Amino acid sequence: EQQINAVKMLGKKDDPRAVEKLCSIAQKGSLSLQLRLDAIASLGEQQDSGAVPTLASILDAYKNEDPRIQIACVDAIIAIGDLRGGRALLHVLKNMNEYQEAVVLRTVESLAVIRHKTALNYLNEQVRENRLDEQVLIAVLHVLITVGDLTAAPFVVQFLDRDIPLDIRCAALTYLAYGRPQIIKTALQELALDRDGPSELRVLALAGLTKIDSNETKKTLAEIAEAAESLSSYAAQFLVEGKDYVEKLVRELRQDFIKKL
């Protein structure tokens with residue numbers, strides 16, 4: 001307990017020697033898990049970019065570290081906010097099969113803060129070639145819309161197919177409806193008008209139609225608003241408040257994603 005308290009105190013000291021000591025503790029596999037986790041968290045508190053090489057070293061796939069240690073390293077890199085940490089994150093992404101899914105997910109999410117261009121490009125490439133597992137793909141799409149990277153839009157269309165699991169379809173439609181709705185205008189109209197379709201997809205489709213903001217899309221919104229059905233009130237709100245309302249929803253989506261990190 002005294003050691004743990006000492007480690008926590010080191011995280012509050014603005015002293016290069018404190019960072020060196022914390023790095024030493026974080027790397028030492030013979031120490032208790034809790035002590036190492038606290039040392040890594042303290043390195044995040046220090047926000048000293050000098051700790052990034054140590055964190056990257058611990059994240060190396062070949063070290064076979066406890067996933068809790070790996071996630072703590074990712075969190076510390078987020079807290080430090082140094083773009084050089086992006087190289088360590090990219091290493092995790094390029095070796096996904098060597099890590100547990102929870103570590104990969106946290107790494108993907110971290111790119112909403114550490115906007116490492118090469119890592120984001122790599123994720124776009126993985127989306128394009130459809131190489132990502134379900135939960136990782138969903139996380140990637142949320143990150144890409146959060147950072148406003150719409151490079152993968154033409155390739156995300158494939159995830160709207162009815163045979164695709166609903167949570168993936170929702171993530172794909174969120175990305176496209178808020179980002180590039182013009183390329184799926186017909187699909188948006190079909191989804192919005194399908195009374196038997198999932199309500200979450202239909203609401204997203206309404207947002208996409210509102211963002212396109214053409215006479216044709218307004219006509220579709222008006223048709224649903226006047227139909228006295230379950231989504232009529234949503235359609236009316238989108239119709240009245242227009243693109244400003246959609247932009248507000250996009251800002252809230254991005255803020256909520258960042259807040260959870």
Side-chain angles (χ1 to χ4, degrees), residues 59 61 67 70-71 73-75 77-78 85-188 190-191 197-205 207-208 211 249-250 252-261:
L59 269 174
Q70 294 168 333
I71 290 171
C73 285
V74 174
D75 287 345
I77 287 172
I78 295 174
R87 289 196 291 269
L89 304 175
L90 180 61
H91 172 79
V92 175
L93 298 176
K94 286 188 171 183
N95 296 275
M96 288 187 194
N97 294 336
E98 303 294 330
Y99 296 88
Q100 289 193 19
E101 187 179 73
V103 180
V104 177
L105 288 172
R106 192 62 178 158
T107 302
V108 169
E109 291 169 351
S110 71
L111 292 175
V113 178
I114 309 294
R115 301 189 179 191
H116 191 270
K117 187 62 178 173
T118 306
L120 289 169
N121 288 343
Y122 182 77
L123 291 181
N124 275 301
E125 180 185 322
Q126 299 304 296
V127 172
R128 183 173 65 247
E129 298 180 8
N130 194 9
R131 290 180 176 175
L132 300 171
D133 292 337
E134 180 174 327
Q135 293 306 311
V136 176
L137 173 60
I138 291 169
V140 167
L141 292 175
H142 283 310
V143 166
L144 292 178
I145 191 63
T146 299
V147 302
D149 187 334
L150 302 171
T151 307
F155 310 100
V156 173
V157 176
Q158 64 182 307
F159 302 120
L160 297 180
D161 192 279
R162 289 179 181 272
D163 295 330
I164 300 292
L166 180 59
D167 53 355
I168 292 181
R169 292 177 72 195
C170 282
L173 193 57
T174 299
Y175 174 87
L176 292 166
Y178 289 147
R180 291 281 302 281
Q182 296 85 355
I183 69 174
I184 56 164
K185 184 174 75 171
T186 301
L188 291 172
E190 290 174 354
L191 284 166
S199 60
E200 53 264 65
L201 291 181
R202 296 187 67 201
V203 171
L204 287 167
K211 183 161 185 179
L249 293 177
V250 175
E252 289 176 352
L253 177 76
R254 290 171 172 163
Q255 289 166 1
D256 289 345
F257 192 85
I258 293 294
K259 279 180 186 175
K260 79 173 189 176
L261 297 176

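By convention here, the first residue in the shown sequence is residue 1. Owing to the predicted nature of the structure, the values given are computational and were not obtained by experimental measurement.
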- request: Grab the two heavy atoms, one from Gln158 and one from Val127, that are nearest each other, plus how far apart they are.
  value: NE2-O, 3.8 Å

I'd like a table of donor-acceptor pairs (distance under 3.5 Å, sequence neighbours excluded) in which one partner is a side-chain atom from residues 252-261, with atom names and distances.
| residue | atom | partner | partner atom | Å |
| --- | --- | --- | --- | --- |
| Arg254 | NE | Ile145 | O | 2.9 |
| Arg254 | NE | Thr146 | O | 3.4 |
| Arg254 | NH2 | Ile145 | O | 3.2 |

statement: In this structure, CG of Leu191 is separated from CZ of Arg202 (nearest 0.5 Å) by 9.0 Å

Test item: Val157 and Leu176 side chains (from C-beta on) under 4.5 Å apart, heavy atoms: yes

- request: Carefully, step by step, assess Thr151 and Leu120 under the rule side chain to side chain contact (heavy atoms under 4.5 Å, CB included).
  value: CA-CA 10 Å; Thr151 307; Leu120 289 169; over 6 Å; no

query: If you look at every heavy atom in Gly86 and His116, which pair is closest and at what distance?
result: CA-CD2, 3.4 Å

task: Taking the side chain as every heavy atom from C-beta outward, state whether Phe155 and Asn130 have any pair of such atoms under 4.5 Å apart.
output: no

- line: dist Asp75:CG -> Thr107:OG1 (nearest 0.5 Å) comes out at 9.5 Å

query: Between Tyr175 and Ala152, which heavy-atom pair has the shortest distance, and what is it?
result: OH-N, 3.2 Å

message: Tell me whether the count of non-hydrogen atoms from other residues, nucleotides or ligands lying under 6.0 Å of CZ in Arg128 goes above 12.
response: yes

message: So, applying side-chain contact (heavy atoms from CB on, under 4.5 Å) with Leu111, which one of Ile78, Val143, Leu144, Leu90 is it?
response: Val143

query: What is the minimum heavy-atom distance between Pro181 and Gly208, and which atoms define it?
result: CB-O, 3.5 Å

Partner of Val140 by side-chain contact (heavy atoms from CB on, under 4.5 Å), out of Leu93, Leu105, Asn124, Val108: Val108

task: Measure the CD1-CG distance between Ile138 and Leu132 for me, rounded to the nearest 0.5 Å.
output: 11.0 Å

query: Which distance, rounded to the nearest 0.5 Å, do you find between the CZ of Arg87 and the OG1 of Thr118?
result: 9.5 Å

field: salt bridge (charged side-chain N to carboxylate O under 4.0 Å, His left out) partners for Lys117, two or more places apart
entry: none

- prompt: Between Ile77 and Gly85, what is the shortest heavy-atom contact and its length?
  reply: CG2-CA, 3.9 Å

query: Distance from Arg131 atom CZ to Glu125 atom CD, nearest 0.5 Å?
result: 6.0 Å

task: Working to the nearest 0.5 Å, report the span between NE2 of His142 and CD of Glu109.
output: 9.5 Å

task: Considering non-hydrogen atoms only, spot the tightest contact between Pro165 and Glu134 and give its length.
output: CG-OE1, 3.9 Å

field: Beyond-backbone contact of Leu204 with Glu200, side-chain heavy atoms, under 4.5 angstrom
entry: no

Please table the atom pairs, donor to acceptor, closer than 3.5 Å between any side-chain atom in residues 96-103 and protein atoms at least two apart or in another chain.
| residue | atom | partner | partner atom | Å |
| --- | --- | --- | --- | --- |
| Tyr99 | OH | Leu59 | O | 2.3 |
| Tyr99 | OH | Ala61 | N | 2.9 |

